[in-house]
Amino acid sequence: MKIKLFTIPNMLTLGNLICGSCALIFLDTLRPMSVFWLIVLAAVFDFFDGFSARILNKYSPIGIQLDSLADMVSFGLVPAAVLIRVYCYPGTTPWFGWPDWLGTVGCLVPLLITAFSALRLAKFNVDDSQHTEFCGLPTPANALFCTSLAAIVSSGELVLSSEMIVIISVISAVLLISPIRMFSLKFHGFGWRGNEIRYIFLAIAVCTIIAASKYCVPAIIVIYIVTSVVYNLIRNRKKA
């Protein structure tokens, strides 16, 4: 079987992987805001590799596997590493004075995000029901949420205790493999019909950016989750 490695979609996927790798390598030397922008760039590459594959009709088994491997680094390992970095930051203190051994265990809890991201990506590759919507929180959205929180903390605009980081890590990990159906931002043409939820979400996202610029990214991810839940409740009620 002839395998083409250096296709346009695959090169874009490698761009995703390189951005995630740079975020990991420079995590201690770059400001968290720079790590956040590297993950934003990785998400852009992740979007356009699939987009280019559809436009150019360049789908391949290699591309599918490569995409998951790149996502595992950029959106599975990086957010966990960032939260661990914030957890170990000198200004982060526990609320209730944990013993040293429990504090060490707590430091490793964000790795649940890495493990559950692997499960999420493996499930996506074999689940035919996720072509038009997602089952569980997409890994790029979760990575943007975690890295944006770290950037806000580093700017001094937000203080997170050790307990809060543990709670955020557990909730994020569970959402990744949850059965909640979440809509995709892939538009079906430009008409209103069939794209209602997408246009509504984009309008809310723009308003959020204007109203809460510093906190807009984590706020938009939370809104995305809430909107997906409400949309599914309305859709299921109509079907009943």
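Just so you know, residue 1 is the first one in the sequence shown, and it goes up from there. The analysis underlying the following values was restricted to heavy atoms, covering all of them including side chains, and did not include hydrogens, waters or symmetry mates. In this text, all values refer to a predicted model and were calculated from it rather than measured experimentally.
- Atom CG of L38 is separated from atom SG of C22 by 6.0 Å, given to the nearest 0.5 angstrom.
- Partner of S117 under the side-chain contact (heavy atoms from CB on, under 4.5 Å) criterion, chosen from L137, I177, T139: T139.
- Of all heavy-atom pairs between L160 and I165, the closest is CB-CG1, 4.1 Å.
- The residue from L112, N142, L121, I171 that alone fulfils the side-chain contact (heavy atoms from CB on, under 4.5 Å) condition with L176 is N142.
- Under the 4.5 Å side-chain heavy-atom criterion for ILVMFWY residues, no single connected hydrophobic cluster contains both M72 and V126.
- No more than 12 heavy atoms of other residues, nucleotides or ligands sit less than 6.0 Å from atom NZ of K214.
- Side chain of Y215 to backbone of E157: a donor-acceptor contact under 3.5 angstrom is found.
- The two residues A42 and C19 have their closest heavy-atom pair at CB-CB, 3.8 Å.
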> For F26 and S34, what are the C-alpha separation, side-chain angles and deciding distance, and is it a side-chain contact (heavy atoms from CB on, under 4.5 Å)?
Replying inline: CA-CA 9 Å; F26 298 118; S34 300; over 6 Å; no

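- For the residue pair A70 and N16, the shortest heavy atom distance occurs at CB-ND2, 3.7 Å.
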>> I'd like to know whether I180 forms a side-chain contact (heavy atoms from CB on, under 4.5 Å) with V229, so could you lay out the CA-CA distance, the side-chain angles of the two residues, the decisive distance to 0.1 Å, and finally the verdict.
In response: CA-CA 7 Å; I180 301 173; V229 172; 4.0 Å; yes

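- Ring centroid separation for the pair Y231 and F201 does not come in under the 6.0 Å cut-off.
- Panel note: side chain N236, backbone N232; a donor-acceptor pair is recorded below 3.5 Å.
- N125 and S68 form a side-chain donor-acceptor contact under 3.5 Å, judged by distance and modelled atom types alone.
- Clustering ILVMFWY residues whenever any of their side-chain heavy atoms sit less than 4.5 angstrom apart, transitively, puts I167 in the very cluster that holds L175.
- In this structure a side-chain-to-backbone donor-acceptor pair under 3.5 Å is present from T114 to G76.
- Relative ring orientation between F47 and F51 is described as parallel, the plane-to-plane angle staying below 30° on a 0-90° scale split at 30° and 60°.
- The two residues P110 and A80 make their nearest non-hydrogen contact at O-CB, 3.2 Å.
- Side-chain contact between S21 and V73 is present, with heavy atoms from C-beta onward closer than 4.5 Å.
- Using a 4.5 Å cut-off between side-chain heavy atoms of Ile, Leu, Val, Met, Phe, Trp and Tyr, with links allowed through other members, I225 and F116 fall into the same hydrophobic cluster.
- The two atoms that bring M182 and P138 nearest to each other are SD-CD, 4.2 Å, heavy atoms only.
- Rounded to the nearest 0.5 angstrom, I113 CD1 and I84 CD1 are separated by 9.0 Å.
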> Step by step, would you call Y87 with V166 a side-chain contact (heavy atoms from CB on, under 4.5 Å)?
Replying inline: CA-CA 9 Å; Y87 185 99; V166 168; 4.1 Å; yes

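- Here the straight-line distance linking atom SG of C146 with atom CD1 of I168 works out to 7.5 Å at 0.5 Å rounding.
- With values rounded to the nearest 0.5 angstrom, I234 atom CD1 is found 7.5 Å from I197 atom CD1.
- Contact annotation: the side chain of F36 approaches that of V40 to within less than 4.5 Å [non-hydrogen atoms, C-beta and beyond].
- V86 approaches A150 most closely through the heavy-atom pair CG2-CB, 3.6 Å.
- Here the straight-line distance linking atom OG of S60 with atom NZ of K4 works out to 10.0 Å at 0.5 Å rounding.
- A distance-only check finds a donor-acceptor pair linking the side chain of S155 to the backbone of I152 [under 3.5 Å].
- Here the straight-line distance linking atom CG of L83 with atom CZ of R85 works out to 12.5 Å at 0.5 Å rounding.
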>> Evaluate E133 against S228 for side-chain contact (heavy atoms from CB on, under 4.5 Å), listing each step before the verdict.
In response: CA-CA 10 Å; E133 61 182 8; S228 295; over 6 Å; no

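- Of the possible polar contacts, none joining the S74 side chain to the D71 backbone as a donor-acceptor pair under 3.5 Å is found.
- S52 places a side-chain N or O within 3.5 Å of a backbone atom of D49 that can act as its donor or acceptor partner.
- Cluster membership check: Y224 shares its hydrophobic cluster with L149, using side-chain heavy-atom separations under 4.5 Å among Ile, Leu, Val, Met, Phe, Trp and Tyr.
- Within 6.0 Å of the CD1 atom in I200, the count of heavy atoms belonging to other residues, nucleotides or ligands exceeds 12.
- Both F183 and I204 belong to a single network of hydrophobic side chains, linked directly or stepwise wherever heavy atoms of I, L, V, M, F, W or Y lie under 4.5 Å apart.
- No side-chain heavy atom of L14 sits under 4.5 Å from any side-chain heavy atom of F45.
- Annotation: side chain of I220 is in contact with side chain of I209 (closest heavy-atom distance under 4.5 Å).
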